[in-house]
Amino acid sequence: YYIHRILKIAARYGKVPLVWQEVFDNKVQMSNDTVVHVWKGSGDKQYLKELAAVTKAGYRALLSSPWYLNVINYGQDWRVAYQVEPLEFEGSLEQEELLIGGEACMRGDRKIIRQNSSH
């Protein structure tokens with residue numbers, strides 16, 4: 001109910017909604033211009049299946065799953081992050097064009113962030 005209502009409010013004000021992948025996975029009715037943020041499934045590359053499903057349904061996608069900075073173990077892990085190829089999901093050229101980009105994210109409590117940040 002809550003998500004559906006928020007999506008209606010966004011539409012009323014002419015805004016493009018950006019939702020987490022759970023909204024898509026839970027089959028919430030969304031407008032065609034909704035962007036789905038794929039943020040889960042990095043360890044086993046499940047995000048590739050999610051990207052395929054989201055774009056097959058005709059939605060644009062934003063990927064962050066393989067680039068969560070708080071799960072990188074310093075050292076050689078950075079190479080893995082740079083080697084990610086978001087377009088290796090199974091889909092048509094039209095589906096690939098629906099992947100609008102990626103973003104690096106970081107989540108965690110303030111104490112952990114402070115301990116790992118360079119000052």
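With 3.5 Å as the limit, one finds a donor-acceptor pair spanning the side chains of Trp39 and Glu22.
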For this session: Test Ile3 against Trp20 for side-chain contact (heavy atoms from CB on, under 4.5 Å), laying out the working first.
Result: CA-CA 11 Å; Ile3 295 295; Trp20 282 346; over 6 Å; no
For this session: Show your reasoning for whether side-chain contact (heavy atoms from CB on, under 4.5 Å) applies to Leu99 and Leu87.
Result: CA-CA 8 Å; Leu99 177 58; Leu87 294 176; 3.7 Å; yes
For this session: Decide side-chain contact (heavy atoms from CB on, under 4.5 Å) for His37 and Val19; before the verdict, give the C-alpha distance in whole Å, the side-chain angles of both, and the deciding distance to 0.1 Å.
Result: CA-CA 6 Å; His37 181 186; Val19 299; over 6 Å; no
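Side-chain N or O atoms of Gln95 include one that pairs as donor or acceptor with a backbone N or O of Ser92 at under 3.5 Å. Not one N or O on the side chain of Asn26 forms a donor-acceptor pair closer than 3.5 Å with the backbone of Val28. One N or O on the side chain of Ser65 and one on the backbone of Lys40 form a donor-acceptor pair closer than 3.5 Å. A donor-acceptor pair is defined here as one N or O able to donate and one able to accept, closer than 3.5 Å; no such pair exists between the side chain of Glu103 and the backbone of Leu63.
In plain terms, the two heavy atoms of Phe24 and Glu50 that are nearest each other are CD2-OE2, 3.8 Å. Listed here is the closest heavy atom pair of Val23 and Met30: CG1-SD, 3.7 Å.
When each of Thr34, Asp33, Leu98 is tested with Tyr59 by the rule side chain to side chain contact (heavy atoms under 4.5 Å, CB included), just one qualifies, namely Thr34.
Val35 belongs to a hydrophobic cluster with Val16, Leu18, Leu62, Ile100, counting contacts under 4.5 Å between side-chain heavy atoms of Ile, Leu, Val, Met, Phe, Trp and Tyr, direct or through other members.
The environment of Gln29 atom CD is sparse: at most 12 non-hydrogen atoms of other residues, nucleotides or ligands sit within 6.0 angstrom. At most 12 heavy atoms of other shown residues, nucleotides or ligands fall within 6.0 angstrom of atom CD in Glu90. Shown here is Asp44, whose CG atom has more than 12 heavy atoms of other residues, nucleotides or ligands within 6.0 Å.
Between Glu88 and Lys45 there is a salt bridge, with a side-chain nitrogen of the basic residue lying less than 4.0 Å from a carboxylate oxygen of the acidic one.
For Tyr1, the side-chain hydrogen bond (donor to acceptor under 3.5 Å, both in side chains) test picks out Arg5, with sequence neighbours left out.
The OH atom of Tyr82 lies 11.5 Å from the CH2 atom of Trp67; values are rounded to the nearest 0.5 Å. Atom-to-atom distance recorded for Lys15:NZ and Ile6:CD1 is 14.5 Å, nearest 0.5 angstrom. In this structure, Leu51 CG and Phe89 CZ are separated by 5.5 Å, a value rounded to the nearest 0.5 Å.
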